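As the structure lists them, so they are numbered: ligands from 1, and atoms in each ligand from 1. Treat the numbers as computed from the prediction; the structure is a model and nothing was measured. Sequence positions, counted from 1, serve as the residue numbers for this chain.
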Amino acid sequence: MRIATHGLTKIYDKKYQALDQLTFNVDLNGIFSVIGRNGAGKTTLIRILSTELLPTSGTAFVNNLDVVKDATALRNEIAVVPQEARPLPWLTPLQTVRSYLMWRGYSYRESKERSKDALRSLGLENLEKVKNRKLSGGQKRKLMVATVIASEAPIIFLDEPTTGLDYVSRKEMWEILSRLKKDRLIILTTHYLEEAEILGDRIMILDKGKLADIGSIDELRSKIKFPYVLRIMSDNVDINEDGVEIKRVSNRQTLVYGTASKIYNLVPYLVTNKIKFTVEQASLGNIFEQYVGEEDGGDKNEKEDW
Ligand SMILES: Nc1ncnc2c1ncn2[C@@H]1O[C@H](COP(=O)(O)OP(=O)(O)O)[C@@H](O)[C@H]1O
Ligand SMILES: [Mg+2]
């Protein structure tokens, strides 16, 4: 499965720039995770790649089909769960999946079997006939995923499928997605960096509509200045080392970012003084901060109304 864009740009209403000359290429079976702050352009990218929205300029191909010129053909290859999508409250899960399949052209009989299979694979088989309005938030999101999985489209877009869910439901969703990614390309946007780190076989960092970088977590980590993190659990440390970045998280924890050799230079001091510490590779959260900065970037197009 392949996605390729060249100079992809979207400007809404001639003034709100959401994507700025985005050029990238992914060739993958698995999970392609798109991360970025609110307003970075994630949803705009999903909407263009899934043929819902026209780009202002540039090109995009999904499995070698042009999202503009071959939109009709492409729609058979893809399935989408938009951001904020929720199942209709007065239907049941079985009716929800089934009506989606029939709308996609499956027969009455086949749609029933496929729907039941999909609901079972997401652990919703006991809720087939309950009204959607009675489902929990996590069950509603799973139902939306069941719908697109049932279609057997090889390319699936999920725009922030876990936002707002509690930790347990998110973890269940992670388990489901890593099981379902086999033989598919799942394009997953999220602003939970931990989620992208756990699930993303390839990760793209978007920053204000531009490509910050794309690669596996190890590739991204290999390009940053401080790939290691020393976590010191003590209220009284005195670190004097050049070429590292020191950040006091609280009065009980201090983080030191640096290269492997710089960090290991500090270890003897900590051991001698019996100070508790851990050494970790930079997380995607650390990597993200080093790419796009820590400041609360927010949405550059959002004007305050004074
Ligand atoms: N329909 C729209 N009209 C005008 N501006 C929009 C519209 N949709 C999104 N934007 C703007 O485009 C930028 C990217 O938004 P979006 O793609 O939704 O980002 P994300 O999904 O990463 O939060 C933001 O600045 C947003 O305010
Ligand atoms: Mg969005």
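A salt bridge is absent between Lys225 and Glu245: the closest approach of a Lys/Arg side-chain nitrogen to an acidic carboxylate oxygen does not fall below 4.0 angstrom.
The nearest N, O or S atom of Thr189 is not closer to the Mg ion (ligand 2) than 2.8 Å.
Note: Lys134 NZ to Gln139 CD = 12.5 Å, rounded to the nearest 0.5 Å.
With hydrogens and angles ignored, the 3.5 Å screen pairs a side-chain donor or acceptor of Lys42 with a backbone N or O of Arg37.
On a distance-only criterion, Arg47 and ligand 1 share no N/O pair closer than 3.5 Å. Backbone and side-chain nitrogen or oxygen atoms of Gln17 are examined, and none is located within less than 3.5 angstrom of a nitrogen or oxygen of ligand 1. Looking at ligand 1, you won't find any N or O of Ala18 less than 3.5 Å from one of its N or O atoms.
Donor-acceptor pairing under 3.5 Å is lacking for the side chains of Asp207 and Tyr291. A donor-acceptor contact closer than 3.5 angstrom is absent between the side chains of Arg104 and Asn76.
Residue Arg37 has at least one heavy-atom neighbour below 4.0 Å for each of these atoms of ligand 1: 22 (O). Contact atoms of ligand 1 toward Tyr16: 4 (C), 5 (N) (distance under 4.0 Å to a heavy atom of the residue). Against a heavy-atom cut-off of under 4.0 Å, Thr43 is close to the following atoms of ligand 1: 17 (O), 18 (O), 20 (P), 21 (O). Contact atoms of ligand 1 toward Asn38: 23 (O) (distance under 4.0 Å to a heavy atom of the residue).
Ligand 1 lies out of reach of Gly36, whose nearest heavy atom is not under 4.0 Å from it.
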_Working note: Leu101 + Arg98, criterion side chain to side chain contact (heavy atoms under 4.5 Å, CB included); need CA distance, chi angles, decisive distance, verdict._
CA-CA 5 Å; Leu101 289 182; Arg98 196 168 182 186; 5.7 Å; no
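Between Val26 and Met1 the shortest side-chain heavy-atom distance does not fall below 4.5 Å.
For the pair OG1 of Thr43 and OE1 of Gln83, the angle at the Mg ion (ligand 2) is about 80°; rounding is to 10 degrees.
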